[in-house]
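All remarks here apply to the structure that follows.
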Amino acid sequence: MIAVIDYGMGNIFSIRNALEKVGADVRIIAQPEELNDADGVVIPGVGSFGEAMKQLLPFQEKITSAIETGLPFLGICLGMQILFERSQESPESGFGIIEGEVIRLPDNVLAPQMGWNELNIKRDTNIVKGIEDGDFFYFVHSYHCIPKDKKIVVATTEYGTEVVSIIERDNICAVQFHPEKSGGKGLLLLKNFLKSIKC
Amino acid sequence: MLARRIIPCLDCDLGVPGGRVVKGIEFKQIRYAGIPWELAERYYLDGADEIVFLDITASHERRETMLAVIKKTSKNVFVPLTVGGGIRSIEDARAVFNSGADKVAINTAALKNPNLINQIADRYGSQACVVAIDAKRRYESVDGKEIVKTPDGDCWFECSIYGGRGFTGIDAIAWAEEAEERGAGDIMLTSMDRDGTCDGFDIELTKAVSERVKIPVIASGGCGNPEHILEVFQKTRAQAALAASIFHYGKYKIVDVKRYLKEKGIHVRL
């Protein structure tokens, strides 16, 4: 069972529908205890960093320990950003599971970045199996992640600067775009994530 | 670099069970085109970058039908879904988002209550707020309106409401600027003079608005063939092209249109 955390921000239906489309048994959870029997966890999310951290506070301990024990994790958009230590968007601290920070997109481009943009794949891992350089994914964001350890970067995307669009470290995978809105390639990425789960 | 988007638009008549897709000519004569979620899924599989549903009946009584259509569609369509027609309040918008839509398009309600743009953008983000403008050419000169030169003479563009049945006296170019300032994420710009004619987009209108705002402009109204889409992308800064008739009746497939655009050097997702 894949747990999708509903913390009151953004469209949960899309990610649920997309995961179900690729064969996942999905449960939307709103209580930290419900994570106990999950085989994998997804944090979606659209909205502000500070508000997300406030809403996720009850989950923080549970999620952090689940990730430490090796539970497959997928963060999407804001669900990627909250893994970092801090964000320019809000004073609240992030989970700090990934070293680094989240900063505003440069001034020379329109924020939010909204639309279809290409991946430059830096590292071949299971999450990008079947996905090629130049494939398009759907982005909606005004801030982007700067991981301290560049080795975790799987793909980047050009938008005024080199935006980190996929990171992967052990059982943690996170994407800046919305795979649930990225057509067939997005579904493929979700399918790749499911394959990393033993259930 | 962001790809330019191809967006099929499904005008929905919700007066029958389950709704049906129709297409009018210059906002009038109506022709039947299919079942909303079936057409939406076909377009998604065929490479649409986004799907737009417009409830042309736009009545509160039929709201539940629209929500059911959105729910059913979002189970099989994995690109952004925009819903417009009859959204008058933040509560209407919320119901549409909670059924699985990613963006709402507002027109009449925004002109009557511009603050609705701020409300939706603040609550759901700019990307979720599309301001739709139905613009009509006016050749008689009126003080304070933005005059645009066209091959048919100088004109200004007036915003229409109620699906083309009412007029506001508001200048479409100025309104687009205001919508951007208030937080709109896209301007869906329909030429009332061209809609349903298949004569091509109103290039002068699209150029004027897309050069004035920084947010993406979706060119709409008049698309009759792939060359029209190429023309609007080459001659204006429109980031997206919306079309209905050319896709509905099987004349062109979206993927073929995108291949053609790519051959001509337009950056599209294939």
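Naming: A, B, ... by sequence-line order, numbering from 1 per chain.
Residue with the most contacts toward chain A among B:Ala101, B:Pro216, B:Pro80: B:Pro80 (heavy-atom pairs, distance under 4.5 Å). Contacts with chain B were tallied for A:Pro112, A:Ser14, A:Ala18; A:Ala18 has the most, counting heavy-atom pairs under 4.5 Å.
Residue B:Ala240 does not touch chain A at all, counting heavy-atom pairs closer than 4.5 Å. When heavy atoms are compared at a cutoff of 4.5 Å, B:Arg269 approaches chain A by way of both its backbone and its side chain. With a 4.5 Å cut-off on non-hydrogen atoms, B:Tyr44 touches chain A through its side chain but not through its backbone.
Around the NZ atom of A:Lys185, the shell of radius 6.0 Å holds more than 12 heavy atoms that belong to other residues, nucleotides or ligands. In B:Arg42, the CZ atom is crowded: over 12 heavy atoms of neighbouring residues, nucleotides or ligands sit closer than 6.0 Å. Heavy-atom neighbours of A:Glu61 CD from other residues, nucleotides or ligands within 6.0 Å: at or below the threshold of 12. Crowding of A:Lys191 atom NZ: a count of heavy atoms from other residues, nucleotides or ligands under 6.0 Å not exceeding 12. Residue-environment remark: CG (B:Asn115) exceeds the threshold of 12 foreign heavy atoms within 6.0 Å.
Using a 4.5 Å cut-off between non-hydrogen atoms, the part of residues 145-171 of chain A that approaches chain B consists of A:Glu158, A:Tyr159.
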Using a 3.5 Å cut-off and no angle test, enumerate the donor-acceptor pairs between side-chain atoms of residues 42-60 of chain A and protein atoms at least two apart in sequence or in another chain.
| from | atom 1 | to | atom 2 | distance (Å) |
| --- | --- | --- | --- | --- |
| A:Ser48 | OG | A:Glu51 | N | 3.3 |
| A:Glu51 | OE2 | A:Gln55 | NE2 | 2.9 |

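The minimum heavy-atom distance between A:Phe136 and B:Ala3, with the atom names listed, is CE2-CB, 3.5 Å. A:Glu118 and B:Met1 get closest at one heavy-atom pair: OE1-O, 4.2 Å. Nearest heavy-atom pair, B:Lys75 versus A:Lys21, reported as atom, atom and distance to 0.1 Å: O-CD, 4.1 Å.
Rounding to the nearest 0.5 Å gives a distance of 6.5 Å between NZ of A:Lys181 and OG of B:Ser74.
Using a 4.5 Å cut-off on side-chain heavy atoms (C-beta onward), B:His267 and A:Trp116 make no contact. Looking only at side-chain heavy atoms (C-beta outward), B:Lys103 and A:Met114 come within less than 4.5 Å of each other.
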Would you sort out whether B:Lys214 and A:Leu110 count as a side-chain contact (heavy atoms from CB on, under 4.5 Å), showing the intermediate values? CA-CA 7 Å; B:Lys214 289 198 212 68; A:Leu110 188 67; 4.0 Å; yes

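B:Phe78 and A:His178 have their aromatic ring centers separated by at least 6.0 angstrom.
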